[in-house]
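What follows is a structure written as structure tokens; I'll ask about it next.
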Amino acid sequence: MTVIVVGILVLALMNFTFKAAGPALLMDREPSPTVQELVISLSPALLTGLVVVELAGARWAHLDWTALLPLAAAAVAYRKGVPDLVCILIAVGLAAGLRALV
């Protein structure tokens, strides 16, 4: 097997182990409200970090300004209550238009 396949299998096993550890350790107890809020707030923070790193690149060396405006437009549309698919179409259309002009 190649290194990539072994890496994928190891990550899949780790993922399964972490997901099984929560219910096994908690049993029938509910986590405290503070812990629940912490877990709930981690997802948006991690997603934001991934988006920023993907847009900016390492040390902000590959900042793609043609992706910032479509992302902002999609975020505003989402906050206004526009459906998710329409927000994605707005971002893709605006990004394609900007890149065609540049």
TODO: Please say whether more than 12 non-hydrogen atoms of neighbouring residues, nucleotides or ligands are located less than 6.0 Å from CG in Leu47.
DONE: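 Counting other residues, nucleotides and ligands, CG of Leu47 exceeds 12 neighbours.
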TODO: Considering non-hydrogen atoms only, spot the tightest contact between Leu55 and Leu71 and give its length.
DONE: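 Closest pair (atom of Leu55, atom of Leu71, distance): CD1-CD2, 3.4 Å.
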Task: Those residues that, when tested against Leu63, pass side-chain contact (heavy atoms from CB on, under 4.5 Å) (two or more places apart) - done: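 Counting only residues at least two positions away or on another chain, Leu63 forms a side-chain contact (heavy atoms from CB on, under 4.5 Å) with Ala56, Trp60, Leu68.
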Open item on the list: Just verifying a value: how many Å separate Arg99 CZ and Leu94 CG, rounded to the nearest 0.5 Å?
Closed with: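 These two atoms lie 10.5 Å from each other.
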Open item on the list: Nearest 0.5 angstrom please: Thr2 OG1 to Ile8 CD1, how far?
Closed with: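 CD1 of Ile8 is found 7.5 Å from OG1 of Thr2.
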TODO: For the residue pair Ser32 and Thr34, establish whether any side-chain heavy-atom pair is separated by less than 4.5 Å.
DONE: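 Result yes, sub-4.5 Å side-chain heavy-atom pair found.
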- [ ] Please report the closest heavy-atom contact between Pro70 and Ala91, naming both atoms and the distance.
- [x]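 The pair with the smallest heavy-atom distance is CB-O, 3.3 Å.
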Open item on the list: Rounded at 0.5 Å granularity, tell me how far CD in Glu37 sits from CD1 in Ile40.
Closed with: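 Spacing of CD (Glu37) from CD1 (Ile40) equals 5.0 Å.
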Task: Gap separating the CG atom of Leu89 from the CG atom of Asp84, nearest 0.5 angstrom - done: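 With rounding to 0.5 Å, CG (Leu89) is 11.0 Å from CG (Asp84).
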TODO: Group every Ile, Leu, Val, Met, Phe, Trp and Tyr by side-chain heavy-atom contacts under 4.5 Å, then state whether Leu38 and Leu46 land in the same group.
DONE: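 In one cluster with Leu38: Leu46, no.
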Task: Gln36 atom CD, neighbour heavy-atom count above 12 within 6.0 Å - done: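 Counting other residues, nucleotides and ligands, CD of Gln36 exceeds 12 neighbours.
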